[in-house]
Amino acid sequence: MLDSFTQSVMLLLVAAFLVAFVLLLYMVSPLISPKPLKLAGAHVVVTGGSSGIGKCIAIECFKQGAFITLVARDEAKLVQAKKEIEKHSVNDKQVVLCISVDVSKEYRQVENVIKQAQEKLGPVDMLVNCAGTSLSGKFEEIEIDRFARLMEVNYLGSVYPSRAVISTMKERRMGRIVFISSQAGQLGLFGYTAYSPTKFALRGLAESLQMEVKPYNVYVTVAYPPDTDTPGFTEENKSKPLETKLISETSSLCQADQVARVIVKDAVQGNFNSSVGSDGYMLSSLTCGMSPVTTITEGLQQVVTMGLFRTIALFYLGSFDSIVRRCMMERQACQKADKTD
């Protein structure tokens, strides 16, 4: 058995080693962080940029001097978005280019669209994959073909544009690719059996792609926005199950411009994870797994907070389960009452 003096010395040595290790990591951290991307004069392509978060991201980039290519299906919405974005120009050289195409349908078509944009505005410096759609409903009540369609739009709709820009970015040794996932891409919730898997898939794509392109100074950001006040969210609420609504109401509704500012800031810095608010920070730390970190500081924060956040998450999960059970019991009680009547 070690005497108390020896134990104290060993503890002090361990503590000193940990302190020295942390200090060393802080010193090394800036050396491994990517250099921020300058948006002034950069060419930013935003898919799904005619409304919601995508349009707000385009506005935020335009405010910082970027040239914008908006890609979406609806020409009328594109024209309207172009007018709104142009109000925020910082110089008379800036351009907003609009291209109407469905990025989820055919890769060659998407590739041609990206080529057109690069011919007019130069190589793509940042691609923001914001094209997507949402659907909520009970698993057995969702039409079976909707599962495939959501995967096409939310996943392949990000794969195709990314594939079209990646070679040039690697050749130029610079670039940013942003995937707009969702907090529903970090945890599965009642009513999102069709939607959540498509957003989870984006994380797998982002992690794999980041490992491939990091040596070429190309950085990937995957954003996990919370419920955000957009036209898409309004449309989703029309058919959202009661359980899903009640779970969603446990957190506040964010504004699209607020979310856009956070995403653009993280993308410019080359951060892999982008989250909004305290709930978003907790989820990103809790679900970090084997995802890359931009700085050692970020990694240390995740290590330190993981246990605490898991404890908090268990209370959240218990609350969500309680909501689902309560709704089921109330529904059953109503059905019995109807039969009695």
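Computation of the quantities below employed the complete heavy-atom set of this structure, encompassing side-chain atoms and omitting hydrogens, waters and symmetry-equivalent molecules.
Counting heavy-atom neighbours within 6.0 Å of Arg173 CZ, excluding the residue itself, gives a total above 12. Applying the 6.0 Å contact sphere to OH of Tyr281 captures more than 12 heavy atoms from other residues, nucleotides or ligands. Within a 6.0 Å sphere centred on CZ of Arg149, other residues, nucleotides and ligands contribute more than 12 heavy atoms. When the shell of 6.0 Å around CD of Glu75 is examined, it contains 12 or fewer heavy atoms from other residues, nucleotides or ligands.
No chain of hydrophobic side-chain contacts below 4.5 Å, direct or via other Ile, Leu, Val, Met, Phe, Trp or Tyr residues, connects Val124 to Leu39. Residues Val220 and Met169 are members of one and the same hydrophobic cluster, defined by side-chain heavy-atom contacts under 4.5 angstrom among Ile, Leu, Val, Met, Phe, Trp and Tyr.
Nearest approach of Asp102 to Ser104, heavy atoms of both residues: OD1-OG, 2.7 Å. Across every non-hydrogen atom of Gly132 and Asn154, the tightest pair is CA-OD1, 3.1 Å. The two residues Gly289 and Arg203 make their nearest non-hydrogen contact at N-NH2, 4.0 Å.
Between the side chains of Glu236 and Ser134, at least one donor-acceptor pair of N or O atoms lies under 3.5 Å. Side-chain atoms of Lys115 and Asn112 include no donor-acceptor pair closer than 3.5 Å. At a cut-off of 3.5 Å, with distance as the only test, no side-chain donor of Ser251 or Asp227 sits close to an acceptor on the other residue.
Salt-bridge check for Glu235 with Lys238: passed, with a basic side-chain N closer than 4.0 Å to an acidic carboxylate O. Between Arg331 and Glu243 there is a salt bridge, since a side-chain N of the basic residue sits under 4.0 Å from a carboxylate O of the acidic one. Taking the charged nitrogens against the carboxylate oxygens, Arg146 and Glu143 have no contact shorter than 4.0 Å, which rules out a salt bridge. Using a cut-off of 4.0 Å between Lys/Arg side-chain N and Asp/Glu carboxylate O, Lys83 and Glu86 are scored as not salt-bridged.
Counting only distance, with no hydrogens or angles, the side chain of Arg176 and the backbone of Val268 share a donor-acceptor pair below 3.5 Å.
Put simply, OG1 on Thr168 and CG on Leu127 are 11.5 Å apart, with the number rounded to the nearest 0.5 Å. Atom-to-atom distance recorded for Ile68:CD1 and Lys55:NZ is 14.0 Å, nearest 0.5 angstrom. Separating the CG atom in Leu78 from the CD1 atom in Ile85 is a distance of 9.0 Å, to the nearest 0.5 Å.
Partners of Tyr224 by ring pair (Phe, Tyr, Trp, His ring centres under 6.0 Å), not counting sequence neighbours: none found. Qualifying ring pair (Phe, Tyr, Trp, His ring centres under 6.0 Å) partners for Phe190, counting only residues two or more places apart in sequence or in other chains: none. For Lys120, the side chain to side chain contact (heavy atoms under 4.5 Å, CB included) partners two or more places apart in sequence, or in a different chain, are Leu97.
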Chi angles and distances behind the side chain to side chain contact (heavy atoms under 4.5 Å, CB included) call for Lys199, Phe179:
CA-CA 9 Å; Lys199 294 300 187 178; Phe179 296 105; over 6 Å; no

Are Phe320 and Phe315 close enough, and set up right, to give a ring-ring contact (aromatic ring centres under 6.0 Å, His included), and what steps lead you there?
CA-CA 9 Å; Phe320 297 161; Phe315 283 99; over 10 Å; no

